[in-house]
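One structure below.
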2 protein chains.
Amino acid sequence: MPKISERQRRILEFIQGFFEERGYPPSIRDIQHGCSISSTSVVDYNLDILEREGYIRRDREVSRGLELKSLAARGQMEVPVIGHIAAGEPIPVPLADAWDIAASAETIAVPRDLTRGRQEVYALKVKGLSMIDALIDDGDIVLMQPTSMVENGEMAAVWLKSEKEATLKRVYAEPGRIRLQPANSLMQPIYADPANVEIQGKVIAVVRQLG
Amino acid sequence: MPKISERQRRILEFIQGFFEERGYPPSIRDIQHGCSISSTSVVDYNLDILEREGYIRRDREVSRGLELKSLAARGQMEVPVIGHIAAGEPIPVPLADAWDIAASAETIAVPRDLTRGRQEVYALKVKGLSMIDALIDDGDIVLMQPTSMVENGEMAAVWLKSEKEATLKRVYAEPGRIRLQPANSLMQPIYADPANVEIQGKVIAVVRQLG
DNA sequence: CATCTAAACGAACAGATGTTCTATGATATG
DNA sequence: CATATCATAGAACATCTGTTCGTTTAGATG
């Protein structure tokens, strides 16, 4: 991850905020005043570094000739794909640096609508046919929110410890047991001992690309 | 739909192209030269109309103070939701003005990745549980490409005429019959007379929002 | 035809804008 | 400590930029 100074980070945030609000980039003097810098040449100096490190692109001698490289500026979110989910495999969970987009091996662009404004969203690719009861097919992408608790009726990535099995199901807490309800409501629920159930994220969306 | 003149439409396209390429809007003189207009005041005059009609937002006396209102400028596509698909109902097909976004009752934002650069994409909301064999749930959104022909193995919205039934299945042409294969490969295919099968669009993606 | 409105043109202006340069201050290193 | 590099400041400059105004042209209408 390219290292930038605190001031450069603040300048970048200012640019992003300005762009999201106005739909066009700030001028050098907008940045100067917005970041309490006393000279346009400091802005210029730091913009050159942000460009060198890949955060922006500059067109020289063009008013507001700044382009933000991130998708965030475009109402989209770049979600890291951190691995696969399959029945007999442990469920990948995001590390602290999962949202360090520049370092992600793979990301997908997702409209903000789909993530409902959440910031920490990650994606898993489904492998195999074992999530069919969740109406999720091989190759589907599930968007996940990291959590170890869900409300009743929410769909979660569940790790069943003794079976060593991952599954996606709607979770309902009942007295003394957990009911795991397939999304396919024509199928039967399973009941599990709460001690055997580990919730490893909430499913917030599913995306399937067919062609 | 707000009516704009040919010149205004060309200016708008120029702005969109410039913005997608550079990440910032054109100046008045960029537009002037890009659209072969001989005076900046003509640009100004036409920009005011584009603003009045809702295509752009202008900040006065600000260089490049133009904001495009459309999602297209942000790497996303605004897809019209033209209706519901349910088993016993005719499948909505897009009318010629379906892609007139300003007139659509409902649209969803979709990243360009998901539509693979296609321009004419529409969405249908799934109603009921009858598309379960396609691994598609009540409430899911299917993105469709208008077509009456698909390649073998592609998923299509199929209208079965004598049954008066809509279904989403992979379509395979076989000698003398059409095989309709559920996406859920654990389920059996059905075979239909080609004369009974009407293909009313190709499924290109499925989006499910859970929470 | 005359009249009115919309659209286009051209010139000029004030100020916004990015760049450049020199000098100073801060930090890191041997 | 001395030296080198990084970061900041301030001033000045050329030109880009949007706006304004008066005029002309185009199109529609009675």
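Computed from heavy atoms alone, side chains included, the values below leave out hydrogens, waters and symmetry copies. In what follows, chains carry the letters A, B, and so on, assigned in the order in which the sequence lines appear, proteins first and then strands, with residues in each chain numbered from 1.
One can place CD1 of B:I28 at 13 Å from P of C:dT17, the figure rounded to the nearest angstrom. To the nearest angstrom, P of C:dA7 lies 12 Å from CD1 of B:I11. Distance A:D59 CG to C:dT17 P: 17 Å, rounded to the nearest Å. Following rounding to the nearest Å, A:R58 (CZ) and C:dT17 (P) show an atom-to-atom distance of 14 Å. Straight-line distance from the CD atom of A:Q32 to the P atom of C:dT17: 12 Å, rounded to whole Å. Nucleotide C:dC21 holds its P atom 12 Å from the CG atom of A:D44, rounded to whole Å. Across the protein-nucleic acid pair, B:D30 atom CG and C:dT17 atom P stand 15 Å apart, rounded to whole Å. For the pair A:D48 CG and C:dT20 C1', the computed distance is 12 Å after rounding to whole Å.
Ranking C:dC9, C:dA8, C:dG18 by closeness to the B:Y45 side chain, first place goes to C:dA8.
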What pairs of nitrogen or oxygen atoms, one from the protein and one from nucleotides 11-14 of chain C, lie under 3.5 Å apart?
none

Give every donor-acceptor pair under 3.5 Å between a side-chain atom in residues 153-161 of chain B and any protein atom, sequence neighbours left out.
{"unit_1": "B:E154", "atom_1": "OE1", "unit_2": "B:E151", "atom_2": "N", "d": "2.7"}
{"unit_1": "B:E154", "atom_1": "OE2", "unit_2": "B:K202", "atom_2": "NZ", "d": "3.0"}
{"unit_1": "B:K161", "atom_1": "NZ", "unit_2": "B:A195", "atom_2": "O", "d": "3.2"}

Donor-acceptor pairs under 3.5 Å, side chain of residues 127-135 of chain B to any protein atom, not counting sequence neighbours: which ones?
{"unit_1": "B:S130", "atom_1": "OG", "unit_2": "B:A87", "atom_2": "N", "d": "3.4"}
{"unit_1": "B:D133", "atom_1": "OD2", "unit_2": "B:K169", "atom_2": "NZ", "d": "2.6"}

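Looking at heavy-atom distances under 4.0 Å, A:I49 makes contact with sugar-phosphate atoms alone, never a base. As judged by a 4.0 angstrom heavy-atom cut-off over every strand, B:N46 is placed among residues touching the sugar-phosphate backbone only.
Side-chain N/O atoms of A:E163 and A:N196 include a donor and acceptor closer than 3.5 Å. Using modelled atom types, one finds no donor on one side chain facing an acceptor on the other under 3.5 Å when comparing B:S41 with B:D44. B:T40 and B:Q32 are not linked by any side-chain donor-acceptor pair at a separation below 3.5 angstrom, with hydrogens and angles left out of the test.
Separation of atoms CD (A:Q76) and CD (A:E78) is listed at 9.0 Å; rounding is to 0.5 Å.
Listed for the A:R208 side chain is no donor-acceptor partner under 3.5 Å among the backbone atoms of B:I204. For A:E89 (side chain) and A:A86 (main-chain N/O), no donor-acceptor pair under 3.5 Å exists by modelled atom type. In this structure, B:Q8 contributes its side chain and B:S5 its backbone to a donor-acceptor pair below 3.5 Å.
B:F18 is linked by a ring-ring contact (aromatic ring centres under 6.0 Å, His included) to B:F14, B:Y24, counting only residues two or more places apart in sequence or in another chain.
A heavy atom closer than 4.0 Å to some atom of DNA chain D occurs in B:E61, B:V62, B:S63, B:R64, these being the qualifying members of residues 61-68 of chain B.
For the side chain to side chain contact (heavy atoms under 4.5 Å, CB included) with A:P94, the qualifying choice from A:L124, A:V121, A:I82 is A:I82, the only one to do so.
Protein chain B contacts DNA chain D over a range whose 5' and 3' limits, counting nucleotides with an atom under 4.0 angstrom from a non-hydrogen atom, are D:dT17 to D:dC21.
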